[in-house]
Protein chains: 2
Amino acid sequence: MSAPRFKKDKEIIAEYESQVKEIRAQLVEQQKCLDQQTEMRVQLLQDLQDFFRKKAEIEMEYSRNLEKLAERFMAKTRSTKDHQQYKKDQNLLSPVNCWYLLLNQVRRESKDHATLSDIYLNNVIMRFMQISEDSTRLLKKSKEIAFQLQEDLMKVLNELYTVMKTYHMYHSESISAESKLKEAEKQEEKQIGRGDPVFSIRMEDKNPRRSSVKKIEKMKEKRQAKYSENKLKSIKARNEYLLTLEATNSSVFKYYIHDLSDLIDCCDLGYHASLNRALRTYLSAEYNLETSRHEGLDIIENAVDSLDPRSDRQRFMEMYPTAFCPPAKFEFQSHMGDEVCQISVQPPVNGELILRFQQLQSRLATLKIENEEIKKTSEATLTTIQDMVTIEDYDVSECFHHSRSTESVKSTVSETYLSKPSIAKRRANQQETEQFYFMKFREFLEGSNLISKLQAKHDLLKRTLGEGHRADYMTTRHPNGPLKTHTGTRRARPRSVFNVRLFNGNLESFIKPWTKELTRSTSGLWSSYPPCGGKLHSLHKFVWAPTSRNIPCIWIPAGSQ
Amino acid sequence: MSAPRFKKDKEIIAEYESQVKEIRAQLVEQQKCLDQQTEMRVQLLQDLQDFFRKKAEIEMEYSRNLEKLAERFMAKTRSTKDHQQYKKDQNLLSPVNCWYLLLNQVRRESKDHATLSDIYLNNVIMRFMQISEDSTRLLKKSKEIAFQLQEDLMKVLNELYTVMKTYHMYHSESISAESKLKEAEKQEEKQIGRGDPVFSIRMEDKNPRRSSVKKIEKMKEKRQAKYSENKLKSIKARNEYLLTLEATNSSVFKYYIHDLSDLIDCCDLGYHASLNRALRTYLSAEYNLETSRHEGLDIIENAVDSLDPRSDRQRFMEMYPTAFCPPAKFEFQSHMGDEVCQISVQPPVNGELILRFQQLQSRLATLKIENEEIKKTSEATLTTIQDMVTIEDYDVSECFHHSRSTESVKSTVSETYLSKPSIAKRRANQQETEQFYFMKFREFLEGSNLISKLQAKHDLLKRTLGEGHRADYMTTRHPNGPLKTHTGTRRARPRSVFNVRLFNGNLESFIKPWTKELTRSTSGLWSSYPPCGGKLHSLHKFVWAPTSRNIPCIWIPAGSQ
């Protein structure tokens, strides 16, 4: 074990002072850090305010542009017949309905972005301003506390310095007293060593050396007392030093580990919570905008789901009753009091009629087979077209994928919608199919028109030849009925009234009681033919039915036969 | 039964012609309606194109503005120390993190609105253009078919006219023949009635009257034959009329009820389906924009949830290690080879120390009670402030309620955020509470600092007086230990390395083995004090602990004691 080198006062003091100097520098640094932290906060809050002020401007401009857009088209549509109609009965063609909802959605978006802008300006920014004020005020207050804590800490360090110096002083004195005591003891030993040490005391009184010995002894005693006194002072000073050291370390520890954290907490007081609320206000606004937008889009989606050619066709025909209302049926006009108003089957014409009936029958059979073939081709072609126009090519999700790496606002849309050559090809194909469909459909119509005519004759002949007893039933005019009253009734009713009754949707209920026994139709062929997905011919085709006396002839829906 | 008035040819023909004229007018009207429908469609599709073109412009402008906004603040932050740090370790203060994500969100919105604009221009508008083309082409083709169907219908009506005229002609002839026959019969009767009807035949040859009778009879026979012939012709003509009437009605019926619908369907072919797809493309874009926006907002919301004063404080202190790293503990500096480095308890100082210990004990008891009271008040005040700053006043849903009636873009925000007087009052209240809290907290700090110092002395005395045998353990320097090596080791370690080790998070694991037996702390008072919701002092406070020989004194976390 090597002998330890003793530290001198100056060395210890220098070390201590350097340690305190470091701490003092740290305390200054800490104040600076608190300042800096608040400066950064105030700057951040200023940036946030500037950001939201500018974003509020952008949102307001966006809102105004959307409003102008909506207004421009709203003004245009408001004057249209459709809009007048819409205001009256809210019943629009389904594409027009979509268009109105699209404009509504833009208005809604406009309003929502204006609201967003308003919330930014009057709520979010205000909050950031207040947080900034709070931060500055809290910093000031926290620094006051920090200043006092640091002052107290310095007092503690000064106290340690003082007690350490005291310890050094008393310890030095104690050492010095000890060395003086040791010197006295050495002198005494030397004195004794000169004569016989055993007799030295005895010889004390005998010679001059005796008084010197006594003097030394007295000095030694005095020095012993001095040493003891200093030793005690030194012990007390060291004890005080040790206690103060413990208290100082405890204070330093408390300041660095607890008080500094507490000071930072004082600066933070409510900062995160208030920032949280400010940002949540922003989020609430944005989420609500989104919800509103979503609701609007859902309304449009519903309208798109309801795009329906069937009901649009009905509405279209109802819009123009004079064009589409079926005319009155042609009735048998008895000539100059001719009282027969049905097919005469008495000889000699009956043979001829039977022959004619047979010819019609076989002709119809051939025609129907031929036309059925054409119908099948036509239907298959239509199905192909349906498949073409209902292809689900509208998903643009992939355009909205965000990768963290791409920083540029470069769109990838152009590639995502089918490339132009591909579209051109698809469209050419579609038109070709369409062309073929129209050709086949025209053929089919020609065939079915001929069949319709021949079938009518055939059926009439069949009924007349086969069921002579019901002949009166099969003609339009009751042979013994009051002809004048009959036609007069129909003619007396103004056409327009008739049309309105026919097209206002109450027709069905009006004629229901008559439908079962009275309906006959040539539409057997047609009801199985679906030109638009099989849905179109269900409700909106009318068949012609003769009615019993006093009720005018009327069209009734094919669906009810 | 009143005698029916017989209709004359002219009357019937006039009625028929007027009926056909009406139908012909309807046919023209129908063509017009189809034209008009397509015109309206083309106009609607043009409006939709214009609308989306304009909206694409608005979206692009909005996108550019957002991009500029983001770029402006991005550029500003890119140069900051925070950003450099962020790029390095992605570890940001939680409010700065929110700020960065806010800028990211704006960039995201910018990009999404640019994509939206692109989809409008390159996809949606293109679709509307194609639908418009299709509608025009289909109208042309449908009208061709309509034209032919109408021609055919007119042919049928002409045929009916012809057979009706034929019936009239033959019936007239039949009537005329009948009347001639009747006239002959009348003449015959008259001739017979002039003479004795019984002898009239016999007298035929005898006188001129006889030849006249014969002549009349011959005429009558001739007229009878003529009548029969005409009657048959008339019956056939009527039969033909009735059959043609049936066929005509069937054709008219078929045209109005089926063919017209089919024609409209031909015009519609794919229109609704294509419009559906175009609008769905728009919806897909809008919904995707919404989803992307929502994802971005969720990221921000997460960051707002993570706003955390505790970890921010830690990060803040780690950012400035030179300011916040606790200094080395003050150690007992032995003066000039003083070999005693602990409290001396030998007489005569022991009595004094015992007295001092007792005084400290009673003083501490009083101080602690007093300070506990202050602490409670301070804590309660803090809780009040916490409640104030965490009030959930950020829901702005009500600003986004849409009523169908309000057409104006008037915002209702101003009223929804608490009115300004109310805010001022709330803030004044908050600041007053804050003021009181700081006062109480300062009092508490003063008290606890004094307690800390006295407690340290008290504890040291207690250990020294009570457990003299463990005295060597209680002082910082081992009495027989190699002083030079000891201090040398600590001093040799550069401060910065020490700091890094202390603050880089590995400290805890490094000192774990020493914590159990070595730790003592004055933080008992503190660990139960939660200045910020009770979370703040758990991990981030260090306590000072003397270690056994060869291990330098070190700070260890309070949590592990």
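Values reported hereafter were calculated over all heavy atoms of this structure, with side chains retained and with hydrogens, waters and symmetry mates removed. Bear in mind that the values here come from a model prediction, so they are computed numbers and not experimental data. Chain letters run A, B, ... following the sequence lines, proteins first, then strands; residues in each count from 1.
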Got [X] and [Y] here, is their nearest side-chain heavy-atom distance under 4.5 Å?
X	Y	value
A:Ser344	B:Arg238	yes
A:Thr322	B:Gln26	no
A:Leu149	B:Asn449	yes
B:Phe441	A:Asp265	no
B:Glu246	A:Lys457	no
B:Glu434	A:Lys141	yes
A:Phe438	B:Leu269	yes
B:Tyr241	A:Phe332	yes

In terms of heavy-atom proximity below 4.5 Å to chain A, should [X] be classed as side chain, backbone, both, or neither?
X	result
B:Arg427	side chain
B:Lys55	both
B:Leu243	both
B:Leu289	both
B:Leu275	both
B:Ile235	side chain
B:Ser172	both
B:Leu297	both

Requested in this report: Give the C-alpha distance, both sets of side-chain angles, the deciding distance and a yes or no for side-chain hydrogen bond (donor to acceptor under 3.5 Å, both in side chains) between B:Tyr167 and A:Asp338.
Outcome: CA-CA 11 Å; B:Tyr167 159 60; A:Asp338 186 1; 2.6 Å; yes

Check this for me: does any side-chain nitrogen of one of [X] and [Y] sit under 4.0 Å from a carboxylate oxygen of the other?
X	Y	value
B:Glu301	A:Arg280	yes
B:Arg313	A:Asp268	no
B:Asp393	A:Arg277	yes

Check: Top residue by heavy-atom pair count (under 4.5 Å) with chain A, among B:Pro95, B:Pro348, B:Ser251?
Finding: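 Most heavy-atom pairs under 4.5 Å with chain A: B:Pro95.
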
- Message: If the test is side-chain hydrogen bond (donor to acceptor under 3.5 Å, both in side chains), which one of B:Glu286, B:His294, B:Glu290 qualifies with A:His294?
- Response: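 Exactly one candidate clears the test, B:Glu290.
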
Practice task
Could you walk me through whether A:Asp312 and B:His272 pass side-chain hydrogen bond (donor to acceptor under 3.5 Å, both in side chains), step by step?
Solution key: CA-CA 10 Å; A:Asp312 280 353; B:His272 289 78; 2.6 Å; yes

Item to complete: Output yes when a side-chain donor or acceptor of B:Ser250 lies under 3.5 Å from a complementary backbone atom of A:Ser452, and no otherwise.
Response: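 Yes, B:Ser250 side chain to A:Ser452 backbone: donor-acceptor pair under 3.5 Å.
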
